[in-house]
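What follows is a single structure, written as structure tokens, with notes after it.
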Amino acid sequence: MTSTSPTYGELRAQLATLTTEAFRPELADIDRLPTAEIARIMNGEDRSVPEAVAARLPQIAAAIDATAERMARGGRLVYLGAGTAGRLGVLDASECPPTFNTDPARVVGLIAGGPTAMIKAVEGAEDSKELAAADLDALGLTADDTVVGISASGRTPYAIGAVEHARRAGALTIGLSCNEDSALGAAAEHGLEIVVGPELLTGSTRLKAGTAQKLVLNMISTITMIRLGKTYGNLMVDVRASNEKLRARSRRIVALATGAPDPEIEAALAATGGEVKNAILVILGAVDGPTAATLLDEARGHLRVALRAAAARTP
């Protein structure tokens, strides 16, 4: 905990001003309702979340474009948060290698308190700006990186400290919170404030706030990867076939992209070491495996660009 941490009274006063911490008297007897009625109320609450995200789509899109630009230069996408927010960042980062075949070092999730905090709270970790700065320094932060601080309240020192430290280093900064006029939003170059309102259970921001954060993180990672050429249309052509299900999906993706018969698909995958994107280029571009690899490398992984280059080679 830092020397500038607020006193108990100051913190209580801060929380009282936050929409995500507001008490809803109309739900004070929710524990006395039938289960089906509680589920109905909760489902109704959840339906409001996509609308809150929709209200910030222009800001989200701008942040994604800026992120993709940095990552195209070799930068990394780094999520930082405490508690639920940190876990959501780690989850989104961990899904990128199997989905988009990214190097695990390209999209990173950091949680206050380290890996232990994924399953058990680490006392005081979220209250330290210095800890966030140290975690980023351990990564060797550069100006090409993008740092996303995640905090439902928008006041978590760990998330704010991460954004402040990253901004001083020249990195792109995004602050994802669920309260308007948040300190996190003000600290970041791109403040994304998804206001979902008070929670069903007072202050339980793993509910609507957590859902909103997950939706936005889905957008940030997925659309950034689309911009980086990790897809062909809506097909995951960079998927990593690490198990039988994914190997079957790889063959289906090649089939959907090319319409080729199974023997041709198997031959293309064999010629490209199982690389889906390369196999599609072999079939649609009528090139061999090594040429496909060269064309994709020259196209920086963008299959459509490589296909145009392959077509230009045809006499």
Side-chain angles (χ1 to χ4, degrees), residues 11-61 63-64 79-96 99 109 111-113 117-122 125-126 148-156 158-159 174-185 191-223:
L11 179 55
R12 185 175 176 181
Q14 285 180 16
L15 294 179
T17 67
L18 301 177
T19 301
T20 49
E21 296 288 333
F23 173 67
R24 300 175 62 180
E26 75 275 17
L27 297 177
D29 291 327
I30 195 170
D31 57 328
R32 303 172 66 181
L33 297 175
T35 298
E37 179 63 10
I38 298 174
R40 185 194 66 78
I41 293 171
M42 194 167 181
N43 180 245
E45 292 286 304
D46 290 341
R47 286 201 298 270
S48 69
V49 176
E51 295 178 0
V53 174
R56 295 291 186 268
L57 287 179
Q59 294 91 337
I60 294 170
I64 292 170
Y79 299 128
L80 293 96
T84 298
R87 294 182 189 103
L88 289 169
V90 172
L91 173 63
D92 198 72
S94 67
E95 293 287 356
C96 287
T99 307
I111 183 170
M118 285 294 293
I119 56 174
K120 182 179 179 181
V122 176
E126 74 169 56
V148 183
I150 313 166
S151 165
S153 67
R155 60 153 301 279
T156 305
Y158 181 81
I174 300 171
L176 174 57
S177 71
C178 294
N179 281 286
E180 286 186 312
D181 302 321
S182 67
L184 178 59
L192 307 180
E193 297 175 335
I194 315 299
V195 183
V196 295
E199 299 286 4
L200 182 89
L201 300 180
T202 305
S204 183
T205 52
R206 72 182 185 87
L207 300 177
K208 288 190 298 184
T211 300
Q213 290 166 351
K214 180 65 169 70
L215 292 177
V216 175
L217 294 177
N218 283 349
M219 288 183 176
I220 291 173
S221 59
T222 302
I223 302 174

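Along the sequence shown, residues are numbered consecutively beginning with 1.
By the side-chain contact (heavy atoms from CB on, under 4.5 Å) test, S221 pairs with Y79, D92, C96, sequence neighbours left out. With sequence neighbours left out, A183 forms a side-chain contact (heavy atoms from CB on, under 4.5 Å) with I160. For the side-chain contact (heavy atoms from CB on, under 4.5 Å) test, residues two or more places apart in sequence or in another chain that qualify with S177 are S182, L184, E193. Residues that satisfy the side-chain contact (heavy atoms from CB on, under 4.5 Å) test with L201, not counting sequence neighbours, are S204, L207.
Heavy-atom minimum distance, A117 versus A112: CB-O, 3.2 Å. A55 and Q59 make their closest contact through O-OE1, 4.2 Å (heavy atoms, listed as atom of the first residue, atom of the second, distance). Nearest approach of R47 to E51, heavy atoms of both residues: O-CG, 4.4 Å. A212 approaches V196 most closely through the heavy-atom pair CB-CG1, 3.8 Å.
Residue I60 is tested with I223, V53, L176 for a side-chain contact (heavy atoms from CB on, under 4.5 Å); the sole match is V53.
The salt bridge (charged side-chain N to carboxylate O under 4.0 Å, His left out) pairs that include a residue from residues 194-218 are E45-K208, where partners are two or more places apart or lie in different chains.
Side-chain atoms of L57 and M219, non-hydrogen and from C-beta on, do get closer than 4.5 Å to each other. A 4.5 Å side-chain heavy-atom check between M118 and I111 finds at least one atom pair inside the cut-off.
Remark: the backbone N or O of Y158 is not paired with any side-chain donor or acceptor of T156 at under 3.5 angstrom. For the pair R87 (side chain) and G81 (backbone), a donor-acceptor distance under 3.5 Å is absent.
Rounding to the nearest 0.5 Å places CG of N218 at 8.5 Å from CG of L91. Distance check: R56 CZ to L192 CG gives 9.0 Å after rounding to the nearest 0.5 Å. Between the OG1 atom in T20 and the CD1 atom in I194 there is a gap of 13.0 Å [rounded to 0.5 Å].
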Residues I150, L88; criterion side chain to side chain contact (heavy atoms under 4.5 Å, CB included); working and verdict: CA-CA 9 Å; I150 313 166; L88 289 169; 5.6 Å; no
N/O donor to acceptor pairs below 3.5 angstrom from side-chain atoms of residues 26-34, sequence neighbours left out:
unit_1: E26; atom_1: OE2; unit_2: R24; atom_2: NE; d: 3.0
unit_1: E26; atom_1: OE2; unit_2: R24; atom_2: NH2; d: 3.3

